[in-house]
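Shown next, in structure tokens, is the structure this report addresses.
Values below: all heavy atoms of this structure, side chains included; hydrogens, waters and symmetry mates excluded. Everything quoted here is computed from the prediction, not taken from an experiment. Each chain gets a letter, A, B and so on, in the order the sequences are listed, and its residues count up from 1.
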Amino acid sequence: MEGAPEAVSDATVRVRQLRKDFFDEARGEVHAVDGLDFECHRGEVFGLLGANGAGKTTTLRILSTVIRPTAGSASVMGHDVLEEPEAVRRSLGFYSASTALYPRLTGRETLQFFARVNRYPEPQVAARVDELVHRFGIGEYQDTRVEKLSSGMKQKVSMARTVAHDPPVLIFDEPTVGLDVMNALEMVRVVRELRDEGKTILFSSHIMSEVEKLCDRIGIIHRGRLLALGTLEDLRQETGKHYLEDVFVHYVTDAEGEGAVLGPMGAIRKDG
Amino acid sequence: MVRPTGPLWTIFRYELAMLLRDTRTLMIAVVAPLVLFPLFIFITNRVEEREEQRLDEAEYRYAVVGSEAEWARARVDRALEESSADVQGQASIRFVESSQVTDLATAEEELQEGNLQLVVESFSRTEYRDVLREERDSALADSLATVQGSEEEAVQLPPDPVPAVPARAMRLRYRADSDFSRRARDGLGARLRDAREAERDSLFMARGFPVPVDRVIPLESQNVASAQKEGGAILGLILTPLLLLLMLTGGSIVAVDAISGEKERGTLETLLTTAATRGEIVWAKLLAVVVVGLAVAAVNVANLGVYLGLGILDLPPSMEISLDAGRIVALFALFTPLAVVVGAALLLLSGLSKSYREYQIYFFPVFLTFLIPAAAPLLPGMELRSAIALVPIAGVAVAVREMMVGPIDFVFTALAFASTATAAAWLALLTERTLSNERLISRQELDRADLEGGAALFPRHVFRWFLGFWVVFFVVSLWFGESLGIRGQIFVNLVLIFLGGSLFLIQRYKLPIKATLSLRMPHPSVWLATLIGAPSALILGMGLAQLVDAYLFPVPEAMLEAFGESLTEPDMGMWQLLFFLSIMPGVLEEIAFRGVLLSGVRKRLSPIRTVLTVGAIFGFFHVSLFRIIPTAWLGVLLAAVVLLSGSILPAILWHILNNALAIVPAMRGWVSEDFTPSVMIVTLSAVGLATSFAILWVTRVRTTPPPARSRAGASSRADPGREPEPLEPSRA
């Protein structure tokens, strides 16, 4: 397993020996995250690639301080998730397919609300909201209530609210789940743009093509463990495979041992 | 902790903005009652008027039956003739005799069918004597049954039980379930009485006693309370429940949406990943719930005011009140913690329910739970200067009533305020904690204890089980307390609830018996500590009770006497008494409280908190309010004894000694009933108790498991909202 270099000064996200145990009636004790180590830096898209249930969402939720680690540590912009949860949340924007918007607020109000709740300096809120409205192209419907918007429009408002307070770190947890092709492409475009501005982006997905296109570095996560970490090129060289899909299968088969039976990607689960 | 800066106000403002846009909810929750309430009163008034009119216009048919029908008919006719114009309010009623009906059976039938409204039954002297005797016998039999129970005792009936039977008599038969029939009875009854009085007066006159009867002993009663005070008293009774009702329903509009709604819509995770602290989120939402609750209450009260002002509705004259400005401010101040406690409870409910539906299901029991203490002023003889001031909501309710009628009792009003405010803060903290609960967000419902079940889960469930036991205990003592007798009470409380409950929990959670009940031999010197400690603690406890009595809540003398009487049944000998009141509680209460309860609590709390908690819970298992503090004192000491000695046995001995020493000397007359320990004795006792605990401390065992700590070194720092994590199971 390839570790990130020690003590890199510009690491914006740092995860050390992170563990999270869950308990499940059917499966017993589950190590959803089992000793994870990685770091992310400014201006990069870090992809967490793994099947459903591999531990991606759990990791990202620990980083967003919604759940606590069982052991290990995680920090965002130097703030520990347990010690300074508010500072951590202030430094990041969290977007996932399951985060929704308030239906009775307009798009514009939504952006104002999230800028303020995230302690964006009050005198600059109006200007920031104007900027976001322009940038995400929601001017036409900025004064329409969110409940009346189409899903594509909602997605734009949602992305805009994620960056409302201009955080240095952005987490996109399976953001394209349930989106149609055009909206998914729009999402990828926005993520790239944000990276070019110098944001750190943590992007989780189980869709190979997306990760292949978008991520500067990829961490392959399986059963809560990081199987591989590196640029796509690194991984290709290490495995001798070209397509990310094959690379992924290679690592997972390695980890599962001889008898591993792999189904289609989505079917690789912890306990079959 | 919570700064009134950006996030708090932002969440609060947007919360209200979103509510105001929810037109349907607003219509149903706010506007509809505004219209429906007066409509309801208007319709009720109209219906009543119509009913009144119908009753007035009706023709009331009656029949006269019985052996003296002629005589009775003549009296009725005369009464109707003479007083038709005099009787107030009944003047327009018309009575018509139905002359075809002459026998009782037919009359009864017609009465049942509604063709007759009233039957006048007449009796001759002998018949009437039989009627009276029958009535007397059945009344006597009833009272005998209740007094004597099964024991037979020959009751000597007087030879002629009914002296001075008049020559003839009448009885009015009517149907209480018919408005018309009742009206007929009232009307005719009043007329007959008037006629009788007139006749009696004229008889007096005729015999040369020309003084109207009401001059013989003139009697008048005068109400010394002003109309305002009376109104205050009545309004004071219903004000708190009414406002509470309005705030519960009003605040619910926001509360249901505030957390459970956000959960359902998926916006909660969005909010929780913002820079707002959990505290800011909770206080912002709490503020919104309280403001809306108060606003809805205010709107409804104003609404009522407008209708009263317009004269569309009439307030009963007894409800008129006058309050000076100071009192209104004080009332408002008293209602503030009440509003917060309601808001916090609703918000907590919202945090605990996963969806709107769940919230709706839980709402009703919460609603009742609040209305019951709010109705405390309705209890007869309830005064603020008592332990009620310490009961959240109830204290405020009683304080409000007293404030509306008399001088303000500042100390106890402040106590009532403080108790309710404390409850509010506590509920808000609990809500804050629910927001930090991972189960809110992740679907992982379980943790290690859930999975392993059994003993690991018990510490988390121990409080709810004991709350359940307490409810059973309380209901039993409230409803059956008297009728069970002392042996019955002991059997139900000690054997069924305490022992049965303990065994049930041991069985259900597969608790290791020896460890749970701390069954082990203590260090030998612990016995000495017990022998010194028990009497010392008892005397100090009595001193404590007297201090409380003198300075905090005076215990009514009658209450103490009743308690003393309830303890001692005349037919119980000394040994029985010792067995039932000393040995049984000593063993069984220890098993329940210092065994099962303590074993669960100590795994969750630090030793000091464990001891205090177990003591407090033990105190609340004694229904009489004035016993809570001395019992809690004993409970605290006993819990400490078990923790220090590692054994329940000295606690059992201590408890037995305590109860025996409390009973025997008083029973034997060695000390007087109102024994007050002198300063000398109290000092000696303090020294004794200190010695006892010094011994316990020196010989203490160190098996007390530490309070819950997280496994991960990294997460051991306290996060204010963190739930205590379960202990690691101590499996080898």
Test item: side-chain donor near acceptor, B:Y14 and A:R116, under 3.5 Å: yes
Let me know if A:T110 has heavy atoms under 4.5 Å from chain B in its side chain, its backbone, both or neither. neither
Among A:E122, A:Q112, A:H165, the residue with the most heavy-atom pairs under 4.5 Å to chain B is A:Q112
Looking at A:T65, A:N118, A:V88, A:V66, which one forms a side chain to side chain contact (heavy atoms under 4.5 Å, CB included) with B:T273? A:V66
Between A:R119 and B:T277, which heavy-atom pair has the shortest distance, and what is it? NH2-CG2, 3.9 Å
Counting only heavy atoms not in B:R609, do more than 12 fall under 6.0 Å of its CZ? no
Could you look at A:P167 and say if it's the side chain, the backbone, both or neither that has a heavy atom under 4.5 Å from chain B? neither
Tell me which of these, A:T58, A:V81, A:V117, A:T162, has more heavy-atom pairs under 4.5 Å with chain B than the rest. A:V117
Closest heavy-atom pair, A:R104 versus B:R21, reported as atoms and distance to 0.1 Å, is O-NH1, 2.8 Å
Using a 3.5 Å distance criterion without hydrogens, assess whether the side chain of B:T270 forms a donor-acceptor pair with backbone atoms of A:A100. yes
Candidate pair B:I11 and A:F113, rule side-chain contact (heavy atoms from CB on, under 4.5 Å), full reasoning: CA-CA 8 Å; B:I11 297 171; A:F113 176 78; 4.1 Å; yes
Under a 4.5 Å heavy-atom cut-off, does chain B meet the side chain of A:L101, its backbone, both or neither? backbone
Electrostatic pair B:R13:A:E109 at N-O distance under 4.0 angstrom: no
Is A:Y95 in contact with chain B via its backbone, its side chain, both, or neither, using a 4.5 Å heavy-atom distance? neither
Under the 3.5 angstrom rule, does the side chain of A:R90 hit a backbone N or O of B:A275 as a donor-acceptor pair? no
